[in-house]
Amino acid sequence: MNHRDFLDLVADLNVGDRIKVKWANKRRGIGKECYLSEGKIVQITDNAIYIRGDVGFTAGINRGDIAVGVQVKQIS
């Protein structure tokens with residue numbers, strides 16, 4: 001995924017929006033809590049979207065994640 005495609009993807013997203021994330025390959029064991037399936041956007045940069053889950057864990061979805069199949073969908 002090139003930089004322009006990522007910027008197009010996040011163009012309709014705003015800090016405070018809730019999104020669903022479908023990870024291409026969730027980890028098991030230590031660190032699995034960082035693969036949130038849903039959360040509120042707390043920051044958007046040129047290369048990543050950062051979300052906070054309901055219990056306080058945070059996750060980052062970057063261009064590389066999107067390129068390997070991670071799907072992001074706005075839910076509110």
Side-chain angles (χ1 to χ4, degrees):
M1 166 170 277
N2 68 41
H3 187 66
R4 182 78 242 155
D5 290 339
F6 182 80
L7 293 178
D8 289 343
L9 174 74
V10 300
D12 293 331
L13 300 176
N14 297 297
V15 171
D17 289 348
R18 288 193 65 84
I19 60 172
K20 277 191 179 243
V21 181
K22 183 176 179 187
W23 295 95
N25 188 10
K26 273 189 178 181
R27 285 183 51 178
R28 305 272 188 246
I30 296 172
K32 70 178 184 254
E33 61 275 356
C34 294
Y35 286 83
L36 303 173
S37 59
E38 188 175 313
K40 182 188 267 188
I41 297 174
V42 292
Q43 184 179 18
I44 300 172
T45 69
D46 287 347
N47 296 308
I49 304 165
Y50 297 96
I51 63 173
R52 179 175 292 123
D54 294 334
V55 295
F57 289 106
T58 59
I61 304 108
N62 63 38
R63 282 186 347 192
D65 294 325
I66 303 292
V68 297
V70 173
Q71 298 174 3
V72 175
K73 180 181 178 185
Q74 183 179 11
I75 55 175
S76 69

Notebook entry, point to check: Do you know which two heavy atoms are closest between G69 and A24, and how far apart they sit?
Noted result: C-CB, 4.0 Å
Checklist line | Note, L36 side chain near V21 side chain (heavy atom, < 4.5 Å) | finding: no
Notebook entry, point to check: Applying the 4.5 Å side-chain criterion to the ILVMFWY set and letting contacts propagate, would V55 and Y35 be lumped into a single cluster?
Noted result: yes
Atom pair [atom1]/[atom2] of [X] and [Y] - distance to nearest 0.5 Å:
| X | Y | atom1 | atom2 | value |
| --- | --- | --- | --- | --- |
| R63 | H3 | CZ | NE2 | 6.5 Å |
| Q71 | I19 | CD | CD1 | 12.5 Å |
| R4 | L9 | CZ | CG | 11.5 Å |

Notebook entry, point to check: Quick check: does any side chain N or O of N2 sit under 3.5 Å from a backbone N or O of D5, one acting as donor and the other as acceptor?
Noted result: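 Checked: pair present.
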Next item on the list: Mind running side-chain contact (heavy atoms from CB on, under 4.5 Å) on W23 and D65 for me, showing each step along the way?
Entry: CA-CA 8 Å; W23 295 95; D65 294 325; 4.1 Å; yes
Identify each donor-acceptor pair in which a side-chain atom of residues 39-52 lies under 3.5 Å from a protein atom, sequence neighbours left out, and give them as a table.
from: T45; atom 1: OG1; to: N47; atom 2: N; distance (Å): 3.2
from: T45; atom 1: OG1; to: A48; atom 2: N; distance (Å): 3.0
from: T45; atom 1: OG1; to: A48; atom 2: O; distance (Å): 3.4

